[in-house]
Amino acid sequence: MNTVHFLTMKPFCRLLIYHRKPGFFGLSSSKWGCSFSKNVTSCDRTRTFCGHQSGILGAQCVGEHLHKPFCRQYTSWGNSRTFLEKCYGGISRNANSFGVKALPHIRNKSSRTETGVNDKNPEGVYVRGGIDVKPLIDKIDDEENVYTESKDYKVRENDDVDNDGSVSSPNEDKPASDRVVAKETEKEAWKVLGNAIVTYCGSPVGTMAANDPTDTLPLNYDQVFIRDFIPSALAFLLKGEKEIVKNFLLHNLQLQSWEKTVDCFCPGEGLMPASFKVVTTPQDGKEEERLDADFGESAIGRVAPVDSGLWWIILLRAYGKITGDVSLQERVDVKTGIKLIMNLCLADGFDMFPTLLVTDGSCMIDRRMGIHGHPLEIQSLFHSALRCSREMLSTDEGSKNLVSVISNRLSALSFHIREYYYVDLKKINEIYRYKTEEYSTDAKNKFNIYPEQIPQWLVDWIPEEGGYLIGNLQPAHMDFRFFALGNLWSIISSLSTPRQNQSILKLIEAKWDDLVGSMPLKICFPALEYDDWRIITGSDPKNTPWSYHNGGSWPTLLWQFTLACIKMGRTDLAWKAVNLAEKRLPAENWPEYYDTRNGKFIGKQSRLYQTWTVSGYLTSKLLLENPDKASLLFWEEDYDLLNICVCALSKSGRKKCSRDAAKSHILV
């Protein structure tokens, strides 16, 4: 095993000022005192120091019990052509060249970091073996990143700007009055999104979950969640702003290697946090700021954020695709982060299936909703992360074995989902006629599903044309609920076949009143009611029928629906949903979710000015206006994977894989 060690270096912080407007981020330079010494970085508005030594990717801050990655100064982002480069130290990572076996858990914090006290070059990060690694945050020097406004809606100097200051939209089929309303809505949405930006050390690092000024008890809605930031990141990237996304990716990479402990147990080393926030603590009469991450040890129910690492990998690929800058994903520390996540996902276990086994509440549905096992949402994100990792590591000579393992897992996972998760009227009739208690390798009812499990609502609900991927599959159990995110992301990533993709959109169109109604889009359908609600959710008062995760309508799903529609050539459906949301969201202050069967009411506990509601709307509009960029975010069918599938058994020990049959499903 080859082990690569990254050593902690002395922190270094440089101030790079390009004066387009006076002052630093709109502040008078007299308010700032910036001093640099051999061991201390100082950034303070009152000429006092907030210096600290920080580590990258697992390094513990010298002399401090808590990690203090980088430093932060609350400022208005985008006020001037000024960028503050982050303070950085070193990293300590174990890189497994094979990339499949789980890495050993490191219990001793001191063993994870070595401080280079004798190093003379404060800008370098030394890697044992002579490999050079870039600083954690690079200088951003892009002439396109110049703004004409400071805090609110940011209009780039090279945009087509109307007299009222809004950016032109190509959706010219609307009446003039509707186009004006749409532009004003977009302008307001950008303002709300801009107000939700969280800065750290003078640079943007993400957006808080919600920014409701009337909310006196924000709980954790003032934190930056990985899954919540994805639509915000895409909106920024599609507008040409990459700094905030790059910072977000690298800060979370640094947080990944923190030692996580829950009741004296340390989860896997590659686990990404669910969220982080900026904490200000007094020390020696000064205010010092640090990032505080939550890996689930503070979350309600102590749920593990399984989807965080998967979303991080997906966003990393999207960053490279949209910006054309692949240097980030080619960095040694970033590749190591990808491998750590893959190690965690591909570790050997007792599973008989290629799907990921997770607990309840491990994804967007982060409360008890009966999705423990192999939920579709996790499988679709897992499939996407595998494809992203395979693509980004394909040119890395040291990752050939890992890429091979990923390819095999992709093949098995694709076959499993396509063959066993998809249902339509014909398949349901087939299940209805299943024989049970079959003991053989060629059993037709492989999971021993009892026909009595088919719910009556499904028999009455399933249309003649159209189908979908069920929510979960385990021995003797099929969850027939429709889960929107898993189905939409299966289309986007080509986890399902082209014909299945078309069928999913046909079903959504046929059942528009149930799945979209007054506000797109139902997170799941139908809701758990009566005894099912009491038993499965534990009588959860937040997940009452047709509320929150239990059949609530979530506007943030709009951007994923839009991307799926663009891929399948159904932009008419996407525009229909966008126009529906556009009429209500700004007037109702951008709620988090909607209640009732058709989404008429604002959710009873819904936060207002929910950031991913705003960014989901903006991303949908940007994707529809830039279909060429939208094509960078989805995947087409991979015929190489179809050809290498080896998971189907037959009487003779092997039979020809049904991947060949999947090819005939392509609709032209």
Side-chain angles (χ1 to χ4, degrees), residues 169 171 181-182 185-186 188-190 192-193 207 209-210 227-239 311 318 364-365 377 380 482-492 504-505 508-509 511-525 548-549 551-568 570-595 598-600 602-603 606-627 629-630 633-634:
S169 169
N171 186 24
V181 171
T185 300
E186 290 181 45
E188 178 188 338
W190 280 110
V192 174
L193 183 59
T207 53
R227 74 172 69 95
D228 290 42
F229 182 68
I230 301 302
S232 298
L234 294 178
F236 288 126
L237 290 174
L238 292 169
K239 287 295 287 184
W311 277 123
M364 179 181 176
I365 299 178
E377 177 176 336
S380 60
F482 175 90
F483 288 86
L485 193 152
N487 275 275
L488 295 176
W489 208 255
S490 295
I491 296 175
I492 294 167
I504 293 170
L505 289 185
I508 294 175
E509 184 177 23
K511 297 298 177 179
W512 187 268
D513 291 342
D514 291 330
L515 301 178
V516 179
S518 299
M519 176 58 65
L521 193 69
K522 284 293 178 193
I523 190 170
C524 72
F525 182 90
Y548 203 52
H549 297 142
S553 299
W554 290 71
T556 187
L557 295 172
L558 184 61
W559 75 269
Q560 296 170 80
F561 178 62
T562 299
L563 190 55
C565 289
I566 292 174
K567 177 182 177 181
M568 302 310 297
R570 293 302 310 272
T571 55
D572 57 317
L573 289 179
W575 275 117
K576 183 179 178 181
V578 167
N579 292 335
L580 183 64
E582 197 170 55
K583 294 176 181 178
R584 294 187 63 185
L585 291 178
E588 295 170 347
N589 297 325
W590 310 95
E592 178 185 13
Y593 65 94
Y594 285 78
D595 284 354
N598 58 5
K600 284 186 177 180
I602 298 174
S606 176
R607 288 321 201 264
L608 302 181
Y609 298 100
Q610 185 80 12
T611 304
W612 68 352
T613 296
V614 178
S615 57
Y617 161 75
L618 288 172
T619 299
S620 297
K621 293 296 290 283
L622 290 168
L623 290 172
L624 287 167
E625 294 166 2
N626 301 277
K629 291 185 178 179
L633 300 176
F634 54 71

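Hydrogens, waters and symmetry mates are skipped; everything else that's a heavy atom, side chains included, is used. Along the sequence shown, residues carry numbers from 1.
- By the 4.0 Å N-to-carboxylate-O rule, Lys511 lies too far from Asp513 to be salt-bridged with it.
- The backbone N or O of Lys600 lies less than 3.5 Å from a partner atom in the side chain of Arg584, making a donor-acceptor pair.
- In this structure, His549 contributes its side chain and Cys524 its backbone to no donor-acceptor pair below 3.5 Å.
- Between the Glu588 side chain and the Ile602 main chain, no donor and acceptor come within less than 3.5 Å of each other.
- Using modelled atom types, one side-chain atom of Ser606 and one backbone atom of Glu592 make a donor-acceptor pair closer than 3.5 Å.
- In plain terms, the two heavy atoms of Leu558 and Tyr617 that are nearest each other are CD2-CA, 4.3 Å.
- Environment of NZ in Lys629: crowded, with over 12 heavy atoms of neighbouring residues, nucleotides or ligands closer than 6.0 Å.
- Judged purely by atom type and a 3.5 angstrom limit, Thr556 has no side-chain atom pairing as donor or acceptor with the backbone of Gly616.
- Taking the side chain as every heavy atom from C-beta outward, Trp590 and Leu608 never approach each other to under 4.5 Å.
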Q. Would Thr611 and Asp228 satisfy side-chain contact (heavy atoms from CB on, under 4.5 Å), going step by step from the backbone distance to the final call?
A. CA-CA 8 Å; Thr611 304; Asp228 290 42; over 6 Å; no
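- In this structure, Phe525 CZ and Asp514 CG are separated by 4.0 Å, a value rounded to the nearest 0.5 Å.
- The NZ atom of Lys239 sits 9.0 Å away from the CG atom of Asn626 when rounded to the nearest 0.5 Å.
- The distance from atom CD1 of Ile504 to atom CG of Asn487, rounded to the nearest 0.5 Å, is 4.5 Å.
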For a quick test of your reading: what N or O donor-acceptor pairs under 3.5 Å do the side chains of residues 515-523 make, sequence neighbours left out?
from: Ser518; atom 1: OG; to: Asn598; atom 2: O; distance (Å): 3.4
from: Lys522; atom 1: NZ; to: Gly551; atom 2: O; distance (Å): 2.6
from: Lys522; atom 1: NZ; to: Ser553; atom 2: OG; distance (Å): 3.4
from: Lys522; atom 1: NZ; to: Thr596; atom 2: O; distance (Å): 2.8
from: Lys522; atom 1: NZ; to: Arg597; atom 2: O; distance (Å): 3.0

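- Looking at heavy atoms from C-beta onward, Phe229 lies out of side-chain contact with Ser615 at the 4.5 angstrom threshold.
- Expressed to the nearest 0.5 Å, how far CD1 of Ile491 lies from OG of Ser380 amounts to 10.5 Å.
- Nearest heavy-atom pair across Trp612 and Arg227 is CE3-O, 3.9 Å.
- A centroid separation of 6.0 Å or more is found between the aromatic rings of Trp559 and Trp554.
- Under the 4.5 Å side-chain criterion, counting only non-hydrogen atoms from C-beta, Phe483 is not in contact with Glu377.
- Between Phe634 and Leu563, the closest heavy-atom pair is CD2-CD1, 3.9 Å.
- Separation of atoms CG (Leu622) and CG (Leu234) is listed at 9.5 Å; rounding is to 0.5 Å.
- The shortest side-chain heavy-atom distance between Leu488 and Ile508 falls under the 4.5 Å cut-off.
- Looking at heavy atoms from C-beta onward, Asn579 lies in side-chain contact with Glu582 at the 4.5 angstrom threshold.
- Contact detail for Phe561 and Leu573: the closest heavy-atom pair is CE2-O, 3.6 Å.
- Minimum heavy-atom separation, Val578 to Lys621: CG1-CD, 3.4 Å.
- Using modelled atom types, one side-chain atom of Thr613 and one backbone atom of Pro591 make a donor-acceptor pair closer than 3.5 Å.
- Under the 4.5 Å side-chain criterion, counting only non-hydrogen atoms from C-beta, Leu633 is not in contact with Ile492.
- Closest of all the heavy-atom pairs between Ser620 and Thr562 is OG-OG1, 3.3 Å.
- Side chains of Thr207 and Ser232: a donor-acceptor N/O pair is present below 3.5 angstrom, by distance only.
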